[in-house]
Undergrad: 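Take this structure first; my questions come after.
Both backbone and side-chain heavy atoms feed into the values below; hydrogens, waters and symmetry mates do not.
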Amino acid sequence: APTCDTRAGFYSSPVTISLAASGRPVYYTLDGSEPTLRSSRYTSPMTITNESSGDAELSKIPTSPRWKPPLGNVFKGVVLRAIAVDERLNTKSDELIKSFFIDQKGRQRYSFPVLSLCINKSDFFGYNKGIYVMGKSYADKDNYIRKNIPLVLPWWEYPSNYLLHGDDNERKAHIELFEINGKDGFEATAGIRINGNATRGYSQKSLRLSFRQKYGLRELGYNLFQTDKHWSYTSIILRNAGNDWDKTMFRDVFMQSLMKDANVDIQNYRPSIVFINGEYWGIHNLQERFEQHYLAKKYKINPDSITILELEGNLVAGNKASAGDFSELLHFAAKNDLRVDKNYDQVIAKINVKSFIDFVIANVYFCNGDWPNNNVKFWRSDALTDTSGDYHKWKWMLYDTDWGFNYNASSSPSSNLLGRAVSEGSVGVLFKALITNKKFLNAFLSRFQHHLNETFYAPAVVQKIELFKKNYQPEMKEHIDRWRAIGSYKQWEKNVADLIDFAINRPRNQAEQLNAFFHLEGKGAIVIKK
């Protein structure tokens with residue numbers, strides 16, 4: 001590939017760059033498009049300037065039935081792509097890709113790490129196969145008729161290119177990460193696809209980055225979340241905050257952070273700013289993805305031994321026989337009296353009880369309205385002879401909690417999820433059966449009391465919300481103007497205030513619900529620390 005004499009990144013004034021390729025001719029583009037022999041030929045040093053007054057054409061492309069154009073100019077950088085050509089052999093080199101951002105504040109413009117994504121425009125925004133737009137899938141009404149698709153659907157379910165799943169709908173992307181301290185981050189090529197389910201219908205999408213050998217990097221070895229453990233990743237998520245996209249942008253990661261010391265797996269996260277082909281694309285929460293590699297690194301076990309299931313025991317990854325084992329476990333729990341110790345022991349031999357208890361407590365307390373009929377994942381190691389760490393027992397993962405914590409009327413401080421916890425999905429089957437056993441019920445209530453007094457202690461939770469607000473605050477106006485989903489900065493502050501209202505009023509409501517549901521008044525009732 002050609003070389004460039006200037007580091008990529010942020011500059012406070014225009015910067016001049018020079019390219020070289022050992023005497024071979026160099027062709028380049030400055031808009032993120034793929035260079036060819038029809039592109040500009042490099043002849044002399046170039047000066048990169050602030051491009052924000054220019055046309056941000058990608059930002060004007062509708063990406064949802066509810067898309068709105070940005071307010072004001074969209075901040076832009078320059079994405080340089082260059083190739084060298086051996087005219088005698090009629091071959092071209094690998095590409096040089098570098099992103100440059102010119103602003104008077106330099107790197108201080110953003111308080112979050114910045115990821116610059118370079119993709120071929122047609123891969124994201126092309127009518128036929130662009131994965132970020134409604135495209136042909138949405139416009140081809142004849143296709144609806146051929147496939148017997150009803151024409152009366154919620155807006156987020158209309159057939160659209162961005163609803164397409166699977167490997168065929170993964171595209172190639174070049175990624176540069178610029179750290180907040182000005183130090184080098186990383187540069188890599190990866191596969192990119194749309195992530196999530198219903199929230200794909202939002203104008204700003206969640207993205208999944210997958211590192212594969214065919215892109216040149218089997219896994220990303222980088223301290224992405226500034227932690228002490230498991231520094232390599234086969235995939236990561238740039239999340240649009242899910243259902244909280246038009247509320248606070250941090251509801252889910254905040255709730256997960258409350259459970260960081262609990263017996264459930266959570267996703268490490270960092271808020272980030274994303275650019276696509278040089279155009280500002282807003283806040284995305286950079287998060288770990290629950291998959292076999294994540295668990296193998298975290299617990300130092302063989303990834304090939306790991307099975308991940310969801311909901312009623314649907315196989316996500318791993319061994320089909322383990323899915324069968326879980327189905328048998330559900331059947332046994334539903335058909336046998338767990339007040340009998342030998343039956344109870346048979347169930348708890350298969351599950352990590354502490355993990356299940358914390359998983360239920362978190363979702364019930366948060367009033368996660370998209371649970372337990374959804375957002376239930378659990379895993380185990382199929383090396384059943386290895387009992388160290390209880391990895392052979394099913395353990396639960398906490399994620400996608402964004403329908404909780406005052407998200408809507410069904411997740412208010414007075415909402416009650418205990419009834420759903422004993423009646424819906426695999427969680428309902430297990431929880432309903434287990435609470436008939438006094439040992440389990442005592443352990444559950446004791447743990448809930450602990451969380452109410454410590455984890456969910458209102459003054460501490462309010463303080464944490466204020467810290468999240470302070471962290472996101474500098475980036476919100478530009479993000480709101482770009483996507484126009486939250487409405488205004490004032491509305492965002494009101495949405496954050498809803499979290500604080502929940503933190504203050506939820507504990508007492510929850511204690512009253514537990515006391516009534518389990519008939520605890522006068523005998524070990526749950527109390528709230530003042």
Undergrad: Indicate the atoms forming the closest heavy-atom contact of D358 with M259, along with that distance.
TA: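 Looking at all heavy atoms of both residues, the closest pair is O-CE, 3.9 Å.
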Undergrad: I'd like to know if the side chain of R447 reaches the main chain of K354, judged simply by a donor and an acceptor atom lying under 3.5 Å from each other, with no hydrogens or angles considered.
TA: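 The answer is no, because no donor-acceptor pair under 3.5 Å joins these two groups.
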Undergrad: R506 side chain to Y365 main-chain N or O, any donor-acceptor pair under 3.5 Å?
TA: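 It does hold such a pair.
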Undergrad: Taking atom types as modelled and ignoring hydrogens, do the side chains of N319 and T307 form a donor-acceptor contact shorter than 3.5 angstrom?
TA: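 On atom types as modelled, these side chains do not qualify, holding no pair under 3.5 Å.
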Undergrad: Could you give the distance from SG (C367) to CZ (F502), rounded to the nearest 0.5 Å?
TA: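 Output value for this atom pair is 4.5 Å.
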Undergrad: If I take atom OG from residue S232 and atom CG from residue L220, how far apart are they, to the nearest 0.5 angstrom?
TA: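 Here the rounded value is 8.5 Å.
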Undergrad: Side-chain contact test, heavy atoms from C-beta onward, threshold under 4.5 Å: evaluate it for K395 versus W379 and give yes or no.
TA: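 Touching, per the 4.5 Å side-chain cut-off.
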Undergrad: For the residue pair N195 and L207, establish whether any side-chain heavy-atom pair is separated by less than 4.5 Å.
TA: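 N195 does not reach L207 side chain to side chain.
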Undergrad: Should S235 and Y294 be marked as a side chain to side chain contact (heavy atoms under 4.5 Å, CB included) after you check the CA-CA gap, both sets of side-chain angles, and the distance that decides it?
TA: CA-CA 9 Å; S235 60; Y294 158 90; over 6 Å; no
Undergrad: Please state whether the rings of F186 and F211 are parallel, tilted or perpendicular, taking 30° and 60° as the class boundaries.
TA: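 If you compare the ring of F186 with that of F211, the planes turn out perpendicular.
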Undergrad: Is it the case that the side chain of S423 and the backbone of G428 share a donor-acceptor pair, with hydrogens and angles ignored and the cut-off at 3.5 Å?
TA: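 Absent.
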Undergrad: Is any side-chain N of the basic residue among D481 and K477 closer than 4.0 Å to the acidic one's carboxylate O?
TA: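 Judged by the 4.0 Å cut-off on N to carboxylate O distance, D481 and K477 do form a salt bridge.
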Undergrad: Would one find more than 12 heavy atoms of other residues, nucleotides or ligands at under 6.0 Å from atom CG of N197?
TA: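 Check fails, neighbour count at 12 or below.
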Undergrad: When the ring centroid of F124 is compared with that of Y132, is the distance short of 6.0 Å?
TA: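 Centroid distance F124-Y132: below 6.0 Å, so yes.
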Undergrad: Quick one about S410 and S415 (side-chain donor to acceptor, distance below 3.5 Å, no hydrogens or angles considered), yes or no?
TA: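 There is no such pair between these side chains.
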Undergrad: Between the side chains of R66 and D246, is the shortest nitrogen-to-carboxylate-oxygen separation below 4.0 Å, so that they form an ion pair?
TA: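 Answer for the salt bridge query: no.
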Undergrad: Can you tell me if W483 uses its side chain to pair, donor with acceptor, with the backbone of W281 under 3.5 Å?
TA: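 Such a contact is found between W483 side chain and W281 backbone.
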Undergrad: I would like to know whether F468 and L499 meet side chain to side chain contact (heavy atoms under 4.5 Å, CB included); could you show each step before the answer?
TA: CA-CA 11 Å; F468 270 82; L499 298 180; over 6 Å; no
Undergrad: Can you confirm whether Q510 sits close enough to Q513 that some side-chain heavy atom of one is under 4.5 Å from a side-chain heavy atom of the other?
TA: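 When only atoms from C-beta onward are counted, Q513 and Q510 do touch, with a gap below 4.5 Å.
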Undergrad: Would you check if there is a donor-acceptor pair between the side chains of N515 and E521 at a distance under 3.5 Å?
TA: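 Per modelled atom types, E521 and N515 side chains form no pair under 3.5 Å.
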Undergrad: Starting at CG of D184, measure out to CG of N181 and round the result to the nearest 0.5 Å.
TA: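 So the gap between those two atoms works out to 9.5 Å.
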Undergrad: Is there a donor-acceptor pair closer than 3.5 Å between any side-chain N or O of E475 and the backbone N or O of S111?
TA: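 Yes, because the side chain of E475 sits within donor-acceptor range (under 3.5 Å) of the backbone of S111.
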Undergrad: Would you say E219's side chain and T234's backbone share a donor-acceptor pair under 3.5 angstrom?
TA: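 No, the answer is negative, given that no donor and acceptor are paired below the 3.5 Å cut-off.
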Undergrad: Determine, step by step, whether D265 and Y299 satisfy the side chain to side chain donor-acceptor pair (under 3.5 Å) criterion, reporting the C-alpha distance in whole Å, the side-chain angles of both residues, the deciding distance to 0.1 Å, and the verdict.
TA: CA-CA 11 Å; D265 292 300; Y299 295 105; 2.4 Å; yes
Undergrad: Determine the interplanar angle of the F290 and Y399 rings, folded into 0 to 90°, and report it as parallel if under 30°, tilted if 30 to 60°, perpendicular if over 60°.
TA: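 Ring orientation of F290 relative to Y399: perpendicular.
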Undergrad: Which pairs with one or both residues in residues 416-440 pass ring pair (Phe, Tyr, Trp, His ring centres under 6.0 Å), sequence neighbours excluded?
TA: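 As it turns out, the ring pair (Phe, Tyr, Trp, His ring centres under 6.0 Å) pairs with a partner in residues 416-440, which skip direct neighbours, are F431-F444.
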Undergrad: Does F326 have its ring centroid less than 6.0 Å away from the ring centroid of F378?
TA: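 Judged by ring-centre distance (under 6.0 Å), F326 and F378 do meet the cut-off.
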Undergrad: Main chain of N352, side chain of D390: is a donor-acceptor contact present, judged purely on distance under 3.5 Å?
TA: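 Pair absent, no side-chain N/O of D390 close to backbone of N352.
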Undergrad: Any side-chain heavy atom of W396 within less than 4.5 Å of one from V360?
TA: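 W396 does not reach V360 side chain to side chain.
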Undergrad: Honestly, is R109 close enough over F75, meaning NZ or CZ under 6.0 Å from the six-membered ring centre and within 45° of the axis?
TA: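 Yes, R109 lies over the aromatic ring of F75.
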Undergrad: From I273 CD1 over to L286 CG, what is the distance, rounded to the nearest 0.5 angstrom?
TA: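 Reported value, rounded in 0.5 Å steps: 12.0 Å.
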Undergrad: N363 pairs by side chain to side chain donor-acceptor pair (under 3.5 Å) with which of N375, T401, N368?
TA: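 Of all the options given, the one that passes is N368.
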Undergrad: Nearest 0.5 Å please: distance from the CZ atom of R289 over to the OG atom of S210.
TA: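 Output value for this atom pair is 6.0 Å.
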Undergrad: Measuring from atom CD1 of I192 to atom CD1 of I119, what distance do you get when rounded to the nearest 0.5 angstrom?
TA: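 The CD1 atom of I119 is 7.5 Å from CD1 of I192, to the nearest 0.5 Å.
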Undergrad: Look at the side chain of S206 and the backbone N and O of R239, then say whether any donor-acceptor pair between them is shorter than 3.5 Å.
TA: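 It does not hold such a pair.
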Undergrad: For atom CD of Q491, decide whether the heavy atoms of other residues, nucleotides or ligands shown that lie under 6.0 angstrom number more than 12.
TA: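 Correct, the count exceeds 12.
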Undergrad: Taking NZ, NE, NH1 and NH2 as the nitrogens, is one of them in R251 or D498 under 4.0 Å from a carboxylate oxygen of the other?
TA: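 Result for this pair is no, no salt bridge flagged.
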Undergrad: Side chain to side chain donor-acceptor pair (under 3.5 Å) between D244 and T248: does it pass, once the steps are laid out?
TA: CA-CA 6 Å; D244 190 47; T248 75; 2.6 Å; yes
Undergrad: What I want to check is whether the side chains of N285 and Y472 have a donor and an acceptor closer together than 3.5 Å.
TA: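 Yes - a donor-acceptor pair under 3.5 Å links their side chains.
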Undergrad: Decide whether a cation-pi geometry holds between K464 and F254; the criteria are a distance under 6.0 Å from NZ or CZ to the six-membered ring centre and an angle within 45° of the ring axis.
TA: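 No.
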Undergrad: Going by heavy atoms in the side chains, are D402 and W245 under 4.5 Å from each other?
TA: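 Contact flag for D402/W245 side chains = no.
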Undergrad: Report yes or no: is the cationic atom of R107 (NZ for Lys, CZ for Arg) closer than 6.0 Å to the six-membered ring centre of F178, at no more than 45° off its axis?
TA: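 No cation-pi geometry.
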Undergrad: In terms of heavy-atom contacts, does NZ of K300 have more than 12 from other residues, nucleotides or ligands at under 6.0 Å?
TA: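 Incorrect, the count does not exceed 12.
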Undergrad: Think K439 forms a cation-pi with Y344, using NZ or CZ under 6.0 Å from the six-ring centre and within 45 degrees of its axis?
TA: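 Ring-cation test returns no.
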Undergrad: Counting C-beta onward and ignoring hydrogens, is there a side-chain heavy-atom pair between K469 and E493 closer than 4.5 Å?
TA: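 With C-beta onward as the side chain, the pair touches.
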Undergrad: Are side-chain heavy atoms of W67 and M134 found at a separation under 4.5 Å?
TA: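 Answer no - side chains too far apart.
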Undergrad: May I ask you to check whether Y233 and F225 place their ring centres under 6.0 Å from each other?
TA: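 Yes, the ring centres sit under 6.0 Å apart.
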Undergrad: Which residue, K393, R380, K350, forms the salt bridge (Lys or Arg N to Asp or Glu O under 4.0 Å) with D325?
TA: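 Only match with D325 under salt bridge (Lys or Arg N to Asp or Glu O under 4.0 Å): R380.
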Undergrad: Got a salt bridge between R482 and E279, using NZ or NE/NH1/NH2 to carboxylate O under 4.0 Å?
TA: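 Looking at R482 and E279, the cut-off is not met.
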Undergrad: Given 3.5 Å as the limit, does a donor-acceptor pair link the side chain of Q256 with the main chain of Q267, or not?
TA: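 Flag set: sc Q256 to bb Q267 pair under 3.5 Å.
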Undergrad: Output, in order, the C-alpha distance, side-chain angles, deciding distance and verdict of side chain to side chain contact (heavy atoms under 4.5 Å, CB included) for K205 and I131.
TA: CA-CA 10 Å; K205 322 292 182 191; I131 60 173; over 6 Å; no
Undergrad: Is there side-chain contact between K297 and W231, with at least one heavy-atom pair below 4.5 Å?
TA: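 Counting from C-beta outward, K297 and W231 never come under 4.5 Å.
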Undergrad: Taking atom NZ of K260 as the centre, report whether more than 12 heavy atoms of other residues, nucleotides or ligands fall under 6.0 Å from it.
TA: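 12 or below, so no.
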Undergrad: List the steps and the verdict of side chain to side chain donor-acceptor pair (under 3.5 Å) for W403 and N243.
TA: CA-CA 7 Å; W403 268 36; N243 289 289; 3.2 Å; yes
Undergrad: Does E288 reach the main-chain N or O of N268 with its side chain, forming a donor-acceptor pair under 3.5 Å?
TA: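 Pair found, side chain donor or acceptor close to backbone of N268.
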Undergrad: Considering only NZ, NE, NH1 and NH2 on the basic side and carboxylate oxygens on the acidic side, decide whether R212 and E170 come within less than 4.0 Å.
TA: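 Counted as a salt bridge, because a side-chain N and a carboxylate O are separated by less than 4.0 Å.
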Undergrad: Walk me through it: do N505 and N509 pass the test side chain to side chain donor-acceptor pair (under 3.5 Å)?
TA: CA-CA 7 Å; N505 293 298; N509 280 291; 5.7 Å; no
